[in-house]
Amino acid sequence: MGCTGPCGTVVDFGCGYGTFSIAAAQMTADTVHAIDIDPAMIAATQQNAEVAQTPNVIATLRDFVAEGCGLPDANAGYTMVFNILHLEDPVGLLREAYRVLQPGGRLGILHWKPDPDTPRGPPLAIRPTPAQCRAWAEAAGFQHERDLELCCCSWHYGLVLTKPLESAA
């Protein structure tokens with residue numbers, strides 16, 4: 001998904017149980033900000049990070065849709081928006097991801113395929129297509145880098161986008 005090597009600070013919007021935050025923390029020595037609105041998810045992320053011995057995960061309770069993520073402009077090298085773009089204002093969230101990314105930083109999008117055979121996920125009526133996610137990200141200022149066919153899970157698709165080098169924070 002583009003979060004490899006020294007990717008810099010990582011922000012996971014809607015971290016849930018911390019599954020992706022912890023995986024990112026194992027790939028980088030930098031800080032991973034795991035943000036979620038649900039106190040139970042933050043508690044689970046903190047516990048799972050302790051078990052995984054990933055002290056670089058900082059779990060933060062915050063309504064990032066209403067308040068932003070609270071991080072400074074151009075602070076992160078990678079942002080994750082995984083299984084969350086079915087929310088009410090996807091472009092607003094992607095603008096926040098854009099704001100915190102450094103120029104040249106990457107955005108990873110992962111979402112359930114709009115396929116009735118997927119065993120879980122949001123209702124089909126609100127699942128975005130890869131084309132919708134790409135259009136929303138481009139509306140927020142990102143440039144498309146690549147689409148991904150995920151070998152680990154046939155129920156999801158992935159996209160990697162980049163904040164242009166010439167962009168202002």
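What you see below is based on every heavy atom in this structure, not just the backbone, and it leaves out hydrogens, waters and symmetry mates.
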Determine the minimum heavy-atom distance between L61 and P39, stating which atoms define it.
CD1-N, 3.6 Å
Smallest heavy-atom separation, Q102 atom then A74 atom, equals CG-O, 3.2 Å
Going hydrophobic residue to hydrophobic residue with side-chain gaps under 4.5 angstrom, can you get from W112 over to F13?
no
Do we see a donor-acceptor contact under 3.5 Å between the side chains of R106 and T79?
no
Consider only side-chain N and O atoms of N75 and H33, and report whether a donor and an acceptor are under 3.5 Å apart.
no
E88, CD: over 12 other non-hydrogen atoms inside 6.0 angstrom:
no
From CZ (R134) to OH (Y157), nearest 0.5 Å:
13.0 Å
Donor-acceptor pair, side chain of D36 and main chain of G16, under 3.5 angstrom:
yes
Ignoring hydrogens, what is the shortest heavy-atom contact between P90 and W136? Give both atom names and the distance.
CB-CE3, 3.5 Å
Scanning both residues in full, the closest heavy-atom pair of T162 with G104 reads CG2-O, 3.7 Å
For I42 and T60, which heavy atoms make the closest approach, and how far apart are they?
CD1-O, 3.2 Å
Closest approach of A44 to Y17 (non-hydrogen atoms, all atoms of both residues)
CB-CD2, 3.7 Å
What pairs with H86 under ring pair (Phe, Tyr, Trp, His ring centres under 6.0 Å), at least two apart in sequence or on another chain?
H111
Cluster question for you: counting only ILVMFWY and a side-chain heavy-atom cut-off of under 4.5 Å, with indirect links fine, are I58 and M41 together?
no
Determine whether a donor-acceptor pair (N or O, by modelled atom type, separation under 3.5 Å) exists between the side chain of R99 and the backbone of L71.
yes
How about D30 and T28: does a side-chain donor come under 3.5 Å of a side-chain acceptor?
yes
Ignoring hydrogens and geometry, is there a side-chain-to-backbone donor-acceptor pair from R127 to K113 under 3.5 Å?
yes
Would you say Q47 has more than 12 foreign heavy atoms packed within less than 6.0 Å of its CD?
no
Whether the side chain of T54 engages the backbone of Q26 through a donor-acceptor N/O pair (distance < 3.5 Å, no angle test) should be reported.
no
Hey, what do you get for CD (Q143) to CG (L161), rounding to the nearest 0.5 Å?
9.5 Å
